[in-house]
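Below is one structure, written out as structure tokens; the observations come after it.
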Amino acid sequence: MNKRFATLLAACAFTVGSSLTLGAGHAQAESFTFEKSGVSSEGSFTIAAYYNGTYAGLMEWRGDPIPDDPEHEPGDAFRVLDRLSDGYGMEATMISPEYRRATTRGHSAVYHSPWQSGDLTEGTKVFIQLCAVKGSYESCSLAYSGHA
């Protein structure tokens, strides 16, 4: 009888321990989601990043400059914003028509990267992807499009 009780107790302890371990691993998993805005008539759009439902950062593409912009925003340019002090940075890559990258790596939040710009022919389709990065880890959006 004592052997049966000990076996049952050990099996229960193993089951509870396994459940706690599996649950803890799932609760600690990073969860980034991304949401693209609509594309404006001049081709501009944004990609927002959310970390476990909290707004974490942004990629901002501008097809045309905004007149009288106090930041002297260029056209055919993009930048990223990291707004959470969570150890993750934001990094955006223009996949097409040419390679460009904007990043917040190495900077504390809240931080806007410099604009990455270069003249493109009006109407040229651009594809940009936003990633949350930390060391070699990255969680990325799809490559979304707008135009110059």
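Just so you know, residue 1 is the first one in the sequence shown, and it goes up from there. Remember, predicted model here, so these are calculated numbers, not experimental data.
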* Derivation of the side-chain contact (heavy atoms from CB on, under 4.5 Å) call for Ser117 and Asp76 -> CA-CA 6 Å; Ser117 64; Asp76 301 340; 5.8 Å; no
* Is it true that the side chains of Arg79 and Ser113 contain a donor and an acceptor less than 3.5 Å apart? -> no
* Asked: Between CG of Leu120 and NE2 of His147, what distance do you get to the nearest 0.5 Å?
  -> 12.0 Å
* Structure fact -> d(Thr104 OG1, His112 NE2) to nearest 0.5 Å is 10.5 Å
* Ala48 to Tyr55 - nearest heavy-atom pair and separation -> CB-CE1, 4.1 Å
* To do: For the pair Lys125 (side chain) and Ser96 (backbone), establish whether a donor and an acceptor sit closer than 3.5 Å, ignoring hydrogens and angles.
  => no
* Between Tyr137 and Tyr88, what is the ring plane arrangement, given parallel below 30°, perpendicular above 60°, and tilted in between? -> perpendicular
* Asked: For Ala143 and Phe127, which heavy atoms make the closest approach, and how far apart are they?
  -> O-CD2, 4.1 Å
* Rounded to the nearest 0.5 Å, how far does CZ of Phe34 lie from CD of Gln129? -> 8.5 Å
* Structure fact -> Residues Arg62 and Trp115: closest non-hydrogen pair is CG-CH2, 3.8 Å
* To do: Before giving the answer on side-chain contact (heavy atoms from CB on, under 4.5 Å), spell out for His107 and Asp82 the whole-Å C-alpha distance, their side-chain angles and the decisive distance to 0.1 Å.
  => CA-CA 9 Å; His107 297 275; Asp82 179 8; over 6 Å; no
* To do: Give a yes or no on whether Leu130 and Leu142 share a hydrophobic cluster (residues Ile, Leu, Val, Met, Phe, Trp, Tyr; joining criterion: side-chain heavy atoms under 4.5 Å apart).
  => yes
